[in-house]
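As structure tokens, the structure follows; a few thoughts come after it.
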Amino acid sequence: MPELPEVETIRLELQDEIIGKEIKSVDVLSKKQFFGNPKTLTGKKIKKVDRTGKIINILLNDGTFINIHLKLTGQILFAPDMSHAVFKNIIPFTATNQMPCKTTRIIVYFKDGSGFFFNDLRKFAWMKINTHPEGPKSIDVLSPDFTLDYFQKTVTSSKRPIKILLMDQEKMAGIGNIYANEALFIARISPERRTNSLNENEIKNLYEAIKQVIREGIKYKGSSAADEAYITPKGKKGEMQNHFRVYQKEGQKCPKGCGGIVKRIKQGGRSSFFCPNCQS
DNA sequence: CTGCGGTCCTGAAGGC
DNA sequence: TGCCTTCAGGACCGCA
């Protein structure tokens, strides 16, 4: 699922390809996933590609925006030539490498013959024409405003299990299931710990661990695990899945060599992976 | 404020 | 083989 590192990778690649381009037309194949009238986009130019949390905000030359949330299985695939769009990598949840494919929901064409496909198996992802950027009101964990002080205040003002808090986009933006699990493992904190039980040192370690895994995720261009749809706009898989410590490692030995076995539990309906031996 | 369960959606995987 | 159930999960909503 795209979390901050995946969405940031998508943003960077998309920005390289589409800045300055003029929209020729937009085809909406799945109406429930598109908000606004796609016809009004014709003739507008791409000025900027920004991101807040997991939401991409594309600024147009008239000051309006296209907001995109990829949710669980959304993909954006850029094609220099839309009439012969083929992506070489195996793309999860698609029957073919030819675009459009059966999960293609929206197609954006540029005047120069290029464009991008918005694919999404589960139809949770959306695109929206808007007068303003969209995104959680909290602080993006990549922002300089995401300080240790902010993190400490957020953590100590809650009693929820720490993992639930990390994934709460209204408290801090960008962390999803993968990076929450990985950060807690690095900091040696159990996902079940109540936030107000963490001491100053643990909070600091966790803060550093979050920054570390997010940077790592971006460095490896996101994670494309076996059952994930994530792929970059240029059709490449991420590499972060090769560096997972505990995520999807149930039953395996703790990578710290402590002798523990990675355990899987359910929290808030989602899987948590951790080493019960060295995370407490 | 917090938590819980249902909802959206589709395809893969497991059980019998 | 084949049908049926379960699972996957980000965000949101209604309700306790």
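The sequence lines fix the lettering, A, B, ..., with proteins before strands; numbering per chain opens at 1. Because only heavy atoms are used, hydrogens play no part in the values below, and waters and symmetry mates are left out as well, while side chains stay in. Here the structure is a predicted model, which is why all the values come from computation and not from measurement.
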Considering only side-chain heavy atoms of A/Lys71, which listed nucleotide, C/dA11, B/dG11, C/dG9, is closest?
C/dA11
note: A/Leu72, atom CG; B/dC8, atom C1'; distance rounded to Å ~ 10 Å
A/Lys54 has its side chain closest, among B/dC8, C/dA11, B/dT2, to C/dA11
Mind calculating the distance between CG (A/Asn67) and P (C/dG10) to the nearest angstrom?
20 Å
Have a look at A/Tyr247 and say if it touches a base, only the backbone sugar-phosphate, or nothing, with a 4.0 Å heavy-atom cut-off.
sugar-phosphate
Rounding to an integer number of Å, can you tell me how far A/Ile178 CD1 sits from C/dG9 C1'?
11 Å
Rounded to whole Å, the CZ-P distance (A/Phe124 to B/dG11) equals 12 Å
Using the closest heavy atom to pick a nucleotide of DNA chain C for each, name whichever of A/Glu170 or A/Lys266 lands nearer the 5' end.
A/Lys266
Scan side-chain atoms only and decide if A/Asn119 and A/Lys102 contain a donor-acceptor pair under the 3.5 Å cut-off.
no
Classify the nucleic acid contact of A/Pro161 as base, sugar-phosphate or nothing, counting any heavy atom under 4.0 Å across all strands shown.
sugar-phosphate
Output yes when at least one side-chain N/O atom of A/Gln169 is less than 4.0 Å from OP1 or OP2 of C/dG10, else no.
no
If two hydrophobic side chains count as joined below 4.5 Å and joins carry through other members, does A/Phe274 share a cluster with A/Ile164?
no
NA contact type, A/Asn177, heavy-atom cut-off 4.0 Å: base, sugar-phosphate, or nothing?
sugar-phosphate
Compare side-chain N and O positions of A/Arg194 against OP1 and OP2 of B/dG3 and report whether any pair is under 4.0 Å apart.
yes
I want to verify a distance call: between C/dG10, B/dC9, C/dA11, whose nearest atom is closest to the A/Lys123 side chain?
B/dC9
Within the structure shown, what part of the strands sits under 4.0 Å from A/Glu3 by heavy-atom distance: base, sugar-phosphate, or nothing?
nothing
Let me know the distance between CG of A/Asp120 and C1' of B/dC9, rounded to the nearest Å.
9 Å
Can you measure A/His69 atom NE2 to C/dG9 atom P for me and round it to whole angstrom units?
16 Å
Would you kindly give the CG-to-P distance between A/Asp168 and B/dC1, to the nearest whole Å?
11 Å
Side chains of A/Lys221 and A/Thr232: is there a donor and an acceptor less than 3.5 Å apart?
no
From A/Asp140 CG over to A/Ile55 CD1, what is the distance, rounded to the nearest 0.5 angstrom?
11.0 Å
Can you confirm whether A/Lys263 is buried at NZ, in the sense that more than 12 heavy atoms of other residues, nucleotides or ligands lie under 6.0 Å from that atom?
no
Would you say B/dC9 has OP1 or OP2 under 4.0 Å from some side-chain N or O of A/Lys32?
yes
From C/dG9, B/dG11, C/dA11, pick the nucleotide closest to the side chain of A/Leu121?
B/dG11
Counting only side-chain N and O atoms of A/Arg270, is one of them less than 4.0 Å from OP1 or OP2 of C/dG10?
yes
Starting at atom NZ of A/Lys171, determine the distance to atom C1' of B/dT2, rounded to an integer number of angstrom.
10 Å
Check whether any side-chain N or O of A/Ser158 sits under 4.0 Å from OP1 or OP2 of B/dT2, and answer yes or no.
yes
Any non-hydrogen side-chain atom of A/Trp126 less than 4.5 Å from a side-chain atom of A/Asn67?
yes
OP1 or OP2 of C/dG9 sitting under 4.0 Å from any side-chain N/O of A/Arg122?
no
